[in-house]
2 protein chains.
Amino acid sequence: MGITKSEIFTEQQNEIALIAKAFGHPARVAILQHLFKMQTCICGDLVEEIGLAQPTISQHLKELKNLGLIKGNVEGTSVCYCINEDKWNEALGLFKEFLELQPNTVNSCK
Amino acid sequence: MGITKSEIFTEQQNEIALIAKAFGHPARVAILQHLFKMQTCICGDLVEEIGLAQPTISQHLKELKNLGLIKGNVEGTSVCYCINEDKWNEALGLFKEFLELQPNTVNSCK
DNA sequence: TATATTAATCGTAATATTGCAATGTATTAA
DNA sequence: TTAATACATTGCAATATTACGATTAATATA
C-alpha cells in the first residue's frame, strides 16, 4: 500500500531506515556534502550548485531539517543552513553499528 | 515527477543514494541484520522472523540482490541467501567516506 | 511606500514504493 | 504421476516521492 509497517520493526531498525531514506536521494547527498565543505550555505547557493529548481531544493532541505540532520536560521532575506552535529553524530553511530556487522568469512552461499 | 534526475549528480553521489535507498526500509535492514547473524537463511525464515507476507519479503530480497548486496542460490526447493561480502565492503567504504565528513566544530548557524 | 530578493508553500503531474492475494514454477517426496 | 514445498511473478490498490510553475511571505533597499 505504499505504506511501511513500521510497527513490526525495532526502533533501531526504523531509525536506521529513516536516516537511510534521507540519504537515498543524490540531491540530499549533494546538499550534505556541500554543507560539510562550506560549513554553512543558503538555499540559493544549493540551487546554483546542484541545478534543481528552487522549490525542489527547498523541499529536500525541509526533509533534512525535519529529520534533524541540518539546522537553518533566518538571516535577513535568506536562510543559513548547516549540519546539526549532534544528530549527525547520532546517525554516524547508528550506521557504524549497522554497517560494521562483519560478514563471517565462511558463508555457504554462491 | 517521482523520477530522480541522476544525470546531474556525480557517480559517487548516485551510488551512495542507491545503496542508502536499499537501507531505507526497515524490512531490508532486518533482512540484512538477520543474514549477518545467521550467515545464511532462506526466504521462509525471513517471512517468519519478520512477519510480512512471502511475496513482500521476496520483493525486498530481489531489490537487495539486484543491487548486489546479497547473493542467493537454489538448494532443492528453497533458496539460500547470504551477504555478498565484496559489495558490502564496497558499500562500507562509500558510507565511511560520506559519513565521516567531520563537521567543523565552528559553524555559525543555530 | 514601492520594489527587489530570498525562500517557503501550494497545487499538480508523473512516477516509485509498499504490501498482498492469486497464480506460476521448480524441485522433491510419495 | 501426483501432491507437497518453497519461492518468484503478476496484478492491483494505496500511498509516497520527485519535480516544478505559480504564488505567497518576509525582509531589505531605493
Side-chain angles (χ1 to χ4, degrees), chain A residues 1-9 13-14 17-31 34-35 40-67 70-82 109, chain B residues 1-9 13-14 17-31 34-35 40-67 70-82 109:
Chain A
M1 307 159 188
I3 199 167
T4 296
K5 287 192 159 180
S6 31
E7 69 278 8
I8 66 174
F9 302 100
Q13 286 164 342
N14 283 314
L18 269 182
I19 297 177
K21 201 147 67 167
F23 296 159
H25 193 290
R28 292 189 291 264
V29 171
I31 287 171
H34 193 73
L35 276 177
T40 68
C41 75
I42 65 172
C43 179
D45 293 342
L46 293 164
V47 173
E48 269 196 52
E49 172 79 12
I50 294 177
L52 289 171
Q54 179 267 319
T56 308
I57 296 292
S58 196
Q59 201 172 256
H60 285 304
L61 284 168
K62 190 179 173 184
E63 274 178 71
L64 292 172
K65 202 178 164 193
N66 283 345
L67 250 185
I70 65 173
K71 294 183 284 189
N73 60 304
V74 179
E75 268 184 22
T77 60
S78 55
V79 177
C80 178
Y81 284 103
C82 67
C109 178
Chain B
M1 305 158 191
I3 199 168
T4 296
K5 286 192 158 180
S6 31
E7 70 279 7
I8 67 174
F9 301 100
Q13 286 165 342
N14 283 315
L18 269 182
I19 297 177
K21 200 147 68 166
F23 295 158
H25 192 290
R28 292 189 292 266
V29 171
I31 287 172
H34 192 73
L35 276 176
T40 68
C41 75
I42 64 172
C43 179
D45 293 342
L46 294 164
V47 173
E48 269 196 53
E49 172 78 12
I50 294 178
L52 288 171
Q54 178 267 320
T56 308
I57 296 293
S58 196
Q59 201 173 254
H60 286 304
L61 285 168
K62 190 179 173 185
E63 273 178 71
L64 292 172
K65 202 178 164 191
N66 283 344
L67 251 185
I70 65 174
K71 295 184 284 189
N73 61 303
V74 180
E75 267 184 21
T77 60
S78 55
V79 176
C80 178
Y81 285 102
C82 67
C109 177

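Just so you know, these numbers use all the heavy atoms, side chains as well, and skip hydrogens, waters and symmetry mates. Convention: sequence-line order gives letters A, B, ...; per-chain numbering from 1.
Contact annotation: B/Tyr81 does not reach the phosphate of D/dA6 (side-chain N/O to OP1 or OP2, under 4.0 Å). Regarding contacts with the backbone of C/dT17, every side-chain N or O of B/His60 stays at 4.0 angstrom or more from both OP1 and OP2. For the OP1/OP2 pair of D/dA8 and a distance below 4.0 Å, the side-chain nitrogens and oxygens of B/Lys65 include no atom meeting the criterion. Remark: B/Lys21 is in phosphate contact with C/dT17, judged by side-chain N or O atoms under 4.0 Å from OP1 or OP2. A sub-4.0 Å separation between OP1 or OP2 of D/dT9 and a side-chain N or O of B/Lys62 is present.
Atom CD in B/Glu75 sits roughly 14 Å away from atom C1' in C/dT28 (whole-Å rounding). In this structure, the CG atom of B/Leu18 is 13 Å from the P atom of C/dA16, given to the nearest Å. Distance CD1 (B/Ile70) to P (D/dC7): 12 Å, rounded to an integer number of Å. Atom pair B/Gln59:CD and D/dC12:C1' shows a separation of 12 Å (rounding to whole Å applied). Between the NE2 atom of B/His25 and the C1' atom of C/dT18 there is a distance of 6 Å, rounded to whole Å. The CD atom of B/Glu63 sits 15 Å away from the C1' atom of D/dT9 (whole-angstrom rounding). Computed from coordinates, the B/Asn73 CG to C/dA26 P distance equals 17 Å when rounded to whole Å. The CD1 atom of B/Ile8 sits 8 Å away from the P atom of D/dC20 (whole-angstrom rounding).
In terms of heavy atoms, A/Ser6 sits closest to A/Asn14 at O-ND2, 2.9 Å. Here the closest non-hydrogen pair linking B/Phe9 and A/Leu52 is CZ-CD1, 4.1 Å. Taking every heavy atom of both residues into account, A/Val74 and A/Gly76 meet most closely at CG1-O, 3.4 Å.
Within the nucleic acid shown, B/Ser58 comes within 4.0 Å of at least one base atom, counting heavy atoms only. Among the atoms of the strands shown, none is found under 4.0 Å from any heavy atom of A/Ile57.
When distances are taken from the side chain of B/Thr77 to each of D/dA19, C/dT27, C/dA8, the shortest belongs to C/dT27. The side chain of A/Ile3 lies closest to D/dT15 when the candidates are C/dT18, D/dT15, C/dC20.
Within a heavy-atom distance below 4.0 Å of DNA chain C, the residues of residues 45-56 of chain A found are A/Gln54, A/Pro55.
Counting only heavy atoms from C-beta outward, the side chains of A/Glu63 and A/His60 approach each other to under 4.5 Å. Taking 4.5 Å as the limit, some side-chain heavy atom of A/Cys80 sits within range of a side-chain heavy atom of A/Thr40. With a 4.5 Å cut-off on side-chain heavy atoms, B/Ile42 and B/Asp45 count as touching.
Toward the 5' end of DNA chain C, the nearer of the two residues A/Cys43 and A/Thr4, judged by each one's closest nucleotide, is A/Cys43. Checking B/Val74 against B/Arg28, the closest nucleotide of DNA chain C that is more toward the 5' end is the one next to B/Arg28.
Checking side-chain atoms of A/Arg28 against main-chain N and O of A/Lys21 turns up a donor-acceptor pair under 3.5 Å.
Residues passing the salt bridge (charged side-chain N to carboxylate O under 4.0 Å, His left out) test with B/Glu49, sequence neighbours excluded: none.
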